[in-house]
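We're numbering straight along the sequence, starting at 1.
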Amino acid sequence: MTARLDNVAKSFGRTVALHPTTLDLGHGVIGLLGPNGAGKTTMLRILSSALPPSQGTVVVAGHEVTGTHAERTDARRRIGYLPQEVVFPRGMTTFGFLDYIAVLKEWTLTAARHAEVRRVLALVDLAERSTVKVKALSGGQRRRLAIAQALLGDPDLLILDEPTTGLDPEQRASLRGLLSGRPGTVLISTHQTEDVSALCDRVVVLDAGRIRFDGSVADLLATAVGRVHQGPSAASGAMQTWRTGTGLIRSVGGSPAAGSQAVEPTVEDAYLLLRSSAPEGATA
Ligand SMILES: Nc1ncnc2c1ncn2[C@@H]1O[C@H](COP(=O)(O)OP(=O)(O)OP(=O)(O)O)[C@@H](O)[C@H]1O
């Protein structure tokens with residue numbers, strides 16, 4: 001097991017962002033889904049050591065993130081973290097930015113550090129842009145540079161907060177290739193349910209600061225089997241309906257109309273159905 005949250009909770013004043021949560025993260029790619037304000041970023045920031053929890057312990061690669069300064073420093077060396085927004089220092093080149101982050105991560109040997117910077121630049125396909133100023137990069141290239149800084153040092157736990165935002169389809173596919181081949185743990189927060197179906201072994205759904213689902217993608221899909229229909233008219237009481245390109249109406253949930261057929265659900269369908277059955281603040 002790479003990481004564990006044990007009875008971790010976080011409040012900001014009177015807002016409970018995360019209720020007491022226990023979660024073990026083993027090897028593989030884990031998707032974290034949830035609506036705006038569910039507590040995803042809060043959970044990721046706590047795991048990355050960027051934010052102290054109000055209670056509970058966090059252990060990453062055998063080091064207690066919530067422990068002594070020395071333990072936290074050891075844990076940090078094993079963690080790569082892509083925040084939702086990365087602020088780039090002004091005037092730096094692509095290479096210079098990564099080198100600066102590597103220095104902050106206490107890589108003291110220059111030759112080894114530069115080799116590592118070149119390695120991660122190649123991984124995100126930015127080797128050719130290494131001498132370009134960050135401000136001259138496109139939005140997607142900047143996002144890839146932000147991903148590259150999280151990959152420095154080949155961390156055991158890679159935490160990515162909405163990594164595919166701003167990437168074009170080729171870049172998203174190439175990021176999937178990069179992440180699916182990793183040996184350690186990758187935890188990805190995303191609003192893109194296709195990323196979860198394409199990439200994740202496991203999916204955790206957070207809602208109102210509590211875990212609503214934790215299981216395989218197949219288990220999540222199984223919860224929606226027989227609950228998504230397509231037919232000439234909408235299912236009554238459906239939570240979502242829309243006319244597809246074929247002219248048929250696709251309904252998620254509800255009682256199917258005459259002449260409708262059950263269709264294979266997607267992760268998005270299963271997620272929507274799970275959300276619709278979730279009373280706000282329900283216990284995990
Ligand atoms: N620094 C903060 N100060 C006060 N409240 C905060 C802070 N950070 C988060 N919150 C609150 O905690 C709750 C969870 O926020 P969080 O950012 O973790 O959600 P999220 O699931 O990442 O949302 P999104 O999908 O919009 O990024 C929200 O109610 C939010 O307003």
Side-chain angles (χ1 to χ4, degrees), residues 29 31-32 36 40-42 44-51 60 72-73 75-192 194-195 198-199:
V29 185
L32 185 59
N36 290 138
K40 303 180 298 296
T41 295
T42 301
L44 299 190
R45 291 183 68 209
I46 290 172
L47 256 174
S48 76
S49 85
L51 182 72
V60 174
R72 188 158 55 253
T73 305
R76 275 185 180 153
R77 290 206 175 95
R78 318 293 288 275
I79 299 170
Y81 175 46
L82 169 74
Q84 218 166 51
E85 279 164 31
V86 176
V87 180
F88 296 98
R90 294 179 70 85
M92 279 191 176
T93 63
T94 304
F95 187 98
F97 168 70
L98 288 176
D99 195 42
Y100 161 74
I101 299 292
V103 168
L104 294 183
K105 289 195 169 188
E106 298 177 28
W107 284 61
T108 44
L109 297 173
T110 310
R113 192 177 70 237
H114 285 182
E116 177 61 5
V117 168
R118 281 192 291 274
R119 184 185 76 85
V120 296
L121 274 174
L123 281 178
V124 298
D125 210 13
L126 280 177
E128 317 252 286
R129 309 288 281 162
S130 66
T131 57
V132 171
K133 289 262 171 66
V134 175
K135 65 180 175 203
L137 296 175
S138 73
Q141 288 170 339
R142 235 172 278 171
R143 195 66 186 148
R144 280 186 281 148
L145 177 59
I147 292 167
Q149 63 75 31
L151 294 169
L152 280 167
D154 209 8
D156 296 295
L157 174 63
L158 185 58
I159 302 167
L160 305 172
D161 203 346
E162 300 188 23
T164 52
T165 307
L167 298 187
D168 67 30
E170 281 87 357
Q171 290 164 356
R172 276 170 69 176
S174 123
L175 180 67
R176 283 176 193 166
L178 177 69
L179 298 179
S180 60
R182 286 188 61 81
T185 302
V186 183
L187 181 61
I188 303 179
S189 153
T190 182
H191 289 293
Q192 314 287 334
E194 319 94 88
D195 287 339
L199 188 63

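- Side-chain atoms of S49 and R76 include a donor-acceptor pair closer than 3.5 Å.
- Around the CZ atom of F88, the shell of radius 6.0 Å holds more than 12 heavy atoms that belong to other residues, nucleotides or ligands.
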Take R176 and D195, measure what side chain to side chain contact (heavy atoms under 4.5 Å, CB included) needs, and give me the verdict at the end.
CA-CA 8 Å; R176 283 176 193 166; D195 287 339; 2.8 Å; yes
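- A donor-acceptor pair is defined here as one N or O able to donate and one able to accept, closer than 3.5 Å; no such pair exists between the side chain of E162 and the backbone of Q84.
- D156 CG to R77 CZ: the interatomic distance, rounded to the nearest 0.5 Å, is 13.0 Å.
- Rounded to the nearest 0.5 Å, atoms CG (L98) and CZ (R119) are 11.5 Å apart.
- In this structure, Q149 contributes its side chain and Y81 its backbone to a donor-acceptor pair below 3.5 Å.
- Across every non-hydrogen atom of G80 and P155, the tightest pair is N-CB, 3.3 Å.
- Looking only at distances, a side-chain donor or acceptor of T94 sits under 3.5 Å from a matching main-chain atom of V132.
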Yes or no on side chain to side chain contact (heavy atoms under 4.5 Å, CB included) for H191 and K40, after CA distance, side-chain angles and deciding distance?
CA-CA 11 Å; H191 289 293; K40 303 180 298 296; 3.7 Å; yes
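- Atom OG1 of residue T93 and atom CG of residue D99 lie 8.5 Å apart, to the nearest 0.5 angstrom.
- For A127 against A122, the heavy-atom pair with the smallest separation is CB-CA, 4.3 Å.
- Residue L121 holds its CG atom at 7.0 Å from CG of L145, rounded to the nearest 0.5 Å.
- Heavy atoms of other residues, nucleotides or ligands lying less than 6.0 angstrom from CG of D125 number 12 at most.
- Heavy-atom contacts from other residues, nucleotides or ligands closer than 6.0 Å to NZ of K133 number 12 or fewer.
- In L104, the CG atom is crowded: over 12 heavy atoms of neighbouring residues, nucleotides or ligands sit closer than 6.0 Å.
- The OG1 atom of T165 sits 7.5 Å away from atom CG of L167, with the distance rounded to the nearest 0.5 Å.
- Side-chain contact between D161 and L82 is absent, with no heavy-atom pair separated by less than 4.5 Å.
- Considering only heavy atoms from C-beta on, R182 comes within 4.5 Å of D154 through its side chain.
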One pair to check against side chain to side chain contact (heavy atoms under 4.5 Å, CB included): V186 and L199. What are the steps and the verdict?
CA-CA 10 Å; V186 183; L199 188 63; over 6 Å; no
Check against side chain to side chain contact (heavy atoms under 4.5 Å, CB included), Q192 and R172:
CA-CA 11 Å; Q192 314 287 334; R172 276 170 69 176; 3.8 Å; yes
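- When all heavy atoms are compared, the tightest approach of A112 to W107 is O-CZ3, 3.8 Å.
- A side-chain donor-acceptor contact under 3.5 Å links R144 to the backbone of V124.
- The distance from the CG atom of L152 to the CD1 atom of I147 is 12.5 Å, given to the nearest 0.5 Å.
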